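Accompanying notes for the structure given below.
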Amino acid sequence: GVIIDSEKHHWNAYQEALKTSSCEYFKNNKLTFEKYCEINHSTNKSFKSVFKEDYDEIYKKKKIYYDLYINKINLIAGFESFFNALVVKSKIICLVTDSSTETLNKIRQKFPILEKIHYIITREDVIERKPSNEGYLKVLKKYKNIDYSEIIGFEDSYKGITAMSSVIYNTILVNNKQYFYYNQIK
């Protein structure tokens, strides 16, 4: 994530869920971190399309494992000082996340600084998740009197940057050169 270092924990949770799954796709293929990012951050495929009829079972197990990992999650290095600088300058801070409200609330309990976010869009607030730009459009509608050229958005995934950059001009990818989609974004 952009705020919390959660991707490896999501990946680990999927790996644990797959160990007891009957899903044929990963019987002969290992879910490497690169493969996880390729699927989960894609604009045209998802774990639901890969796991097909096994998706609901796998996702339920993944969620249980991920909840166990929440205590191990940390803020992204440098986030807290950057966030505090925005707060001091009275900047409006919004969050558009594919996380559920339930998961986000657990994260907010661990990191009370996140209570300073002015407006949050979670997966329950939209009909279509990223790569749809619906969440970002909701933010722009709420803050319609803001000069859009003064908005800066941060994303860590291909599907996220695709969603955001379709409606927000100043976008920044927070990731590294080893990221599966890096060359498609830069």
Side-chain angles (χ1 to χ4, degrees), residues 1-14 33 36-37 40-41 62-63 65-126 129-182 184-186:
V2 173
I3 295 173
I4 59 170
D5 193 7
S6 61
E7 286 305 311
K8 296 272 184 180
H9 298 294
H10 283 290
W11 170 54
N12 286 329
Y14 267 117
F33 185 68
Y36 161 82
C37 289
N40 199 47
H41 296 179
K62 180 263 182 190
K63 188 175 176 332
Y65 286 112
Y66 184 73
D67 285 348
L68 296 173
Y69 291 131
I70 283 181
N71 290 332
K72 296 179 182 181
I73 292 174
N74 294 307
L75 293 173
I76 293 288
F79 171 78
E80 191 166 1
S81 58
F82 178 72
F83 187 84
N84 283 327
L86 295 175
V87 171
V88 166
K89 293 183 181 218
S90 300
K91 299 297 181 184
I92 296 171
I93 304 167
C94 302
L95 173 64
V96 177
T97 179
D98 269 346
S99 292
S100 67
T101 302
E102 176 188 359
T103 298
L104 183 61
N105 287 340
K106 290 175 185 175
I107 300 294
R108 289 169 77 184
Q109 284 178 347
K110 182 170 180 179
F111 303 109
I113 188 175
L114 301 180
E115 295 301 322
K116 295 178 182 177
I117 296 173
H118 298 95
Y119 188 54
I120 297 173
I121 301 289
T122 64
R123 70 169 51 179
E124 291 91 355
D125 298 317
V126 294
R129 293 170 52 192
K130 299 172 189 175
S132 166
N133 61 14
E134 181 183 356
Y136 292 103
L137 289 172
K138 285 184 175 232
V139 170
L140 294 177
K141 183 176 180 183
K142 178 164 178 72
Y143 295 103
K144 61 184 170 214
N145 296 326
I146 291 180
D147 179 356
Y148 289 180
S149 69
E150 294 185 14
I151 297 172
I152 300 173
F154 300 87
E155 267 292 353
D156 69 327
S157 71
Y158 181 55
K159 69 181 178 181
I161 203 97
T162 300
M164 183 175 46
S165 64
S166 70
V167 295
I168 295 175
Y169 179 72
N170 300 306
T171 59
I172 297 171
L173 175 69
V174 179
N175 217 306
N176 61 59
K177 291 181 180 179
Q178 288 75 41
Y179 177 57
F180 184 83
Y181 291 105
Y182 182 82
Q184 293 176 322
I185 298 171
K186 65 176 187 152

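Scope of the values below: all heavy atoms of this structure, side chains included, with no hydrogens, waters or symmetry mates. All values reported here derive from a predicted model rather than from experimental measurement.
Not one N or O on the side chain of Tyr169 forms a donor-acceptor pair closer than 3.5 Å with the backbone of Ile151. Side chain of Asp125 to backbone of Thr122: a donor-acceptor contact under 3.5 angstrom is found. Listed for the Ser157 side chain is a donor-acceptor partner under 3.5 Å among the backbone atoms of Gly160. At least one donor-acceptor pair under 3.5 Å links the side chain of Ser165 to the backbone N or O of Ile161. In this structure, the side chain of Glu124 does not engage the main chain of Ser100 through any donor-acceptor pair within 3.5 Å. The backbone N or O of Ser149 sits less than 3.5 Å from a side-chain atom of Asn170, completing a donor-acceptor pair.
The CG atom of Leu140 sits 9.0 Å away from atom CD1 of Ile146, with the distance rounded to the nearest 0.5 Å. Interatomic distance, Lys8 NZ to Cys37 SG, rounded to the nearest 0.5 Å: 7.5 Å. Separating the OG1 atom in Thr162 from the CG atom in Asn133 is a distance of 10.5 Å, to the nearest 0.5 Å. Atom OG of Ser99 is separated from atom CZ of Arg129 by 8.5 Å, given to the nearest 0.5 angstrom. Taken from CG in Asn12 to CZ in Phe33, the straight-line distance is 9.0 Å, to the nearest 0.5 Å. Considering CD1 of Ile107 and OG1 of Thr97, their distance stands at 9.5 Å, rounded to 0.5 Å.
Judged as a ring-ring contact (aromatic ring centres under 6.0 Å, His included), not a single pair has a partner in residues 87-117 (not counting sequence neighbours). Screening residues 158-176 for salt bridge (Lys or Arg N to Asp or Glu O under 4.0 Å), with sequence neighbours left out, gives Asp98-Lys159.
The heavy-atom pair separating Tyr182 from Leu173 by the smallest distance is CD1-CD2, 4.2 Å. When all heavy atoms of Tyr143 and Tyr119 are compared, the pair lying nearest together is OH-CB, 3.6 Å. The shortest non-hydrogen separation linking Ala163 to Ser132 is CB-O, 3.2 Å. Residues Cys94 and Val139 approach most closely at SG-CG1, 3.8 Å, considering heavy atoms.
Contact of the Lys141 side chain with the Lys144 side chain is not registered, since no non-hydrogen atoms from C-beta on lie closer than 4.5 Å. No side-chain heavy atom of His9 sits under 4.5 Å from any side-chain heavy atom of Tyr65. The shortest distance between side-chain heavy atoms of Tyr158 and Ile185 falls below 4.5 Å. Side-chain atoms of Tyr66 and Tyr14, non-hydrogen and from C-beta on, never get closer than 4.5 Å to each other.
Aromatic rings from His41 and Tyr181 are positioned such that their centres are separated by 6.0 Å or more.
Under the 4.0 Å criterion applied to side-chain N and carboxylate O atoms, Lys130 and Glu155 are assigned as salt-bridge partners. A salt bridge links Glu102 to Lys63: one of the charged nitrogens lies within less than 4.0 Å of a carboxylate oxygen.
A cation-pi arrangement is not found for Lys138 relative to Tyr136, the charged atom failing to lie both closer than 6.0 Å to the ring centre and inside a 45° cone about the ring normal.
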Enumerate, atom names and distances included, each donor-acceptor pair closer than 3.5 Å involving a side-chain atom of residues 69-89, sequence neighbours excluded.
unit_1: Ser81; atom_1: OG; unit_2: Gly78; atom_2: O; d: 3.3
unit_1: Asn84; atom_1: ND2; unit_2: Glu80; atom_2: O; d: 3.2

Test log, rule side-chain contact (heavy atoms from CB on, under 4.5 Å), inputs Glu7 and Asp156
CA-CA 10 Å; Glu7 286 305 311; Asp156 69 327; 4.0 Å; yes

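Ile120 pairs in a side-chain contact (heavy atoms from CB on, under 4.5 Å) with only one of the listed residues (Leu104, Leu114, Ile93, Thr101), which is Leu104.
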